[in-house]
Number of protein chains: 2
Amino acid sequence: MNTISDVFSFNLARCGFLTTEDRISLDEAANKNVSNVRARSDLMCEGDRAQTVKVVLDGWVAAYKQLSDGHRQILALLLPGDMCAANAFVVERMDYSLGTLTPVRYAEIRREDFEELFENNSRILRAFWWKEMVTASIQREWTANVGQRLATARIAHLFCETHARLDCRNLARGNAIDFPLTQSDIGEATGLTAVHVNRCMQSLRAEKLVELRNRELILPNPERLRKIAMFDPAYLHA
Amino acid sequence: MNTISDVFSFNLARCGFLTTEDRISLDEAANKNVSNVRARSDLMCEGDRAQTVKVVLDGWVAAYKQLSDGHRQILALLLPGDMCAANAFVVERMDYSLGTLTPVRYAEIRREDFEELFENNSRILRAFWWKEMVTASIQREWTANVGQRLATARIAHLFCETHARLDCRNLARGNAIDFPLTQSDIGEATGLTAVHVNRCMQSLRAEKLVELRNRELILPNPERLRKIAMFDPAYLHA
DNA sequence: ACGCTACCATAACTTAAATCAGTTACAGGC
DNA sequence: GCCTGTAACTGATTTAAGTTATGGTAGCGT
């Protein structure tokens, strides 16, 4: 179904108004200029002038910000099908960085090709607008997550959300998903220290709510985890 | 310059590619169906199916989320010229609520009128896309703010950002701005308790970095405040 | 003039999470 | 086999922020 070559359009088509032709032209654009990078490298950094829009085809990317006091916050996880740095296409410069969490296969769409995509096709333009709204929605939830939930609920919420996001792309295996973040990555995504993440993970594990081994995450009791996480998937608009 | 009747287009025109005609049709749409509401009332609630897009013409609105454990997080401040609930136009339902902080004058743009605005005009559609990207950018900064900064820096950052956002709409008076949030609102916006906000405010006041009286905020030493706040305005794309 | 409410201020005390300073386990390279 | 690096884990201690509770004050209606 969702082969590696159509994750991009598959993901965008969730807005509901793209035609088959739209999808074909999107996937063509996303298969022209494909590169591979190793894990733990930066695709781009804050302040860079981005010339191309990047589409994650395989692997995980983290958007993050480094504060001047050294603290790092992971702002978002970009999963296969997600687009990044469309920002810099419309806006001057990157205001955050992109780092890979795994080896990543990604496409670069040049400005001109991007323009061509929605020249005379307002559906595609509207799909990008829609996608940006969903992105903002998720970001709002992250703000609330880090602002209001206690440590364990925060981590549980990250797990629930990531599972849901992968699931609607057919990238979940039942209650299991790939989950390449280390405990210190989880800390940076939730505004906690690695030490505290470790302790919370132990309690979640003891409660038989999560198993995380070899970069695979299993949620044996999603119902109860969602309750602890106060997870309501409405904001994902999936 | 920026009269009450053109805040909407003035704000959107910051993307740089709107024509005078575009601006006129935007302001026409935003002056058709104008209402007033008193302070501390909800424009709409999580779960509502929004039929109209709302444009703040005067006053302040807060976007917020209520968690199932009762905790409330203010997610964003909507200032004159800002648009809200465009979400629900593209997406099914509101995933957050909108509450007024002051008496508010706002316009409602109906679905049809909204459609008409970018029927045959991709510039306006792209302006909305651009605006949504800026919104997402600000939301990312809020995530980092709440996730990584210490209490005093968080509050300082909120002040710096709000001043900058008002300033670029010509709504600042030098170092002074309107600031209708109570200390407990500030707490909800920064993920802190009102008590702790009070302590931080006292230290900021003692350091002669902020004065807040009668809903007016004065930043006597913006340079030093920005440093404490680790505020870099790049993400505002102003 | 009275009480009511909203907001700001404060003190005493508790708690969640950070910090510091490690240990253990394991995988890859030589 | 050993070295190296990364990730997971632990315990002692400190600190930032939360909680509870209460006092003060300004504005408002009656």
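Keep in mind it's a predicted model, so treat the numbers as computed, not measured. By convention in this document, chain letters (A, B, ...) are assigned in the order of the sequence lines, proteins followed by strands, and residues within each chain are numbered from 1.
Atom CE of A:M230 and atom NE2 of A:H157 lie 8.5 Å apart (nearest 0.5 Å).
Per the geometry, CD1 belonging to B:I186 stands 11 Å off C1' belonging to C:dC8, to the nearest Å. A:R199 places its CZ atom 12 Å from the P atom of C:dT19, with the value rounded to the nearest Å. Rounded to a whole Å, the CG atom of A:L150 is 11 Å from the P atom of D:dG18. In this structure, B:D185 places its CG atom 8 Å from P of C:dC8, rounding to the nearest Å. Distance CE (A:M201) to P (C:dA17): 16 Å, rounded to an integer number of Å. Between the P atom of D:dG18 and the CD atom of B:E188 lies a distance of 12 Å, rounded to the nearest Å.
The closest side-chain donor-acceptor pair between A:Q139 and B:T143 falls under 3.5 angstrom. Side-chain contact check for A:Q202 and A:N198: at least one donor-acceptor pair (N or O, by modelled atom type) lies under 3.5 Å. Neither side chain, A:D82 nor A:Y106, offers a donor N or O lying under 3.5 Å from an acceptor on the other.
Taking only side-chain nitrogens and oxygens, B:Q202 comes nearer than 4.0 Å to OP1 or OP2 of C:dT10. Within the 4.0 Å cut-off from OP1 or OP2 of D:dC9, at least one side-chain nitrogen or oxygen of A:N198 is found. For D:dC9, the OP1/OP2 oxygens have a side-chain nitrogen or oxygen of A:Q183 closer than 4.0 Å. In this model, the phosphate group of D:dA8 is approached by a side-chain N or O of A:R215 to a distance below 4.0 Å at OP1 or OP2. Residue A:R205 has a polar side-chain atom (N or O) positioned under 4.0 Å from OP1 or OP2 of D:dC9.
Closest to the A:H196 side chain, of the nucleotides C:dA17, D:dG18, C:dA21, is C:dA17.
At the heavy-atom level, B:T182 lies under 4.0 Å from the strands shown only through sugar-phosphate atoms. Looking at heavy-atom distances under 4.0 Å, A:G191 makes contact with sugar-phosphate atoms alone, never a base.
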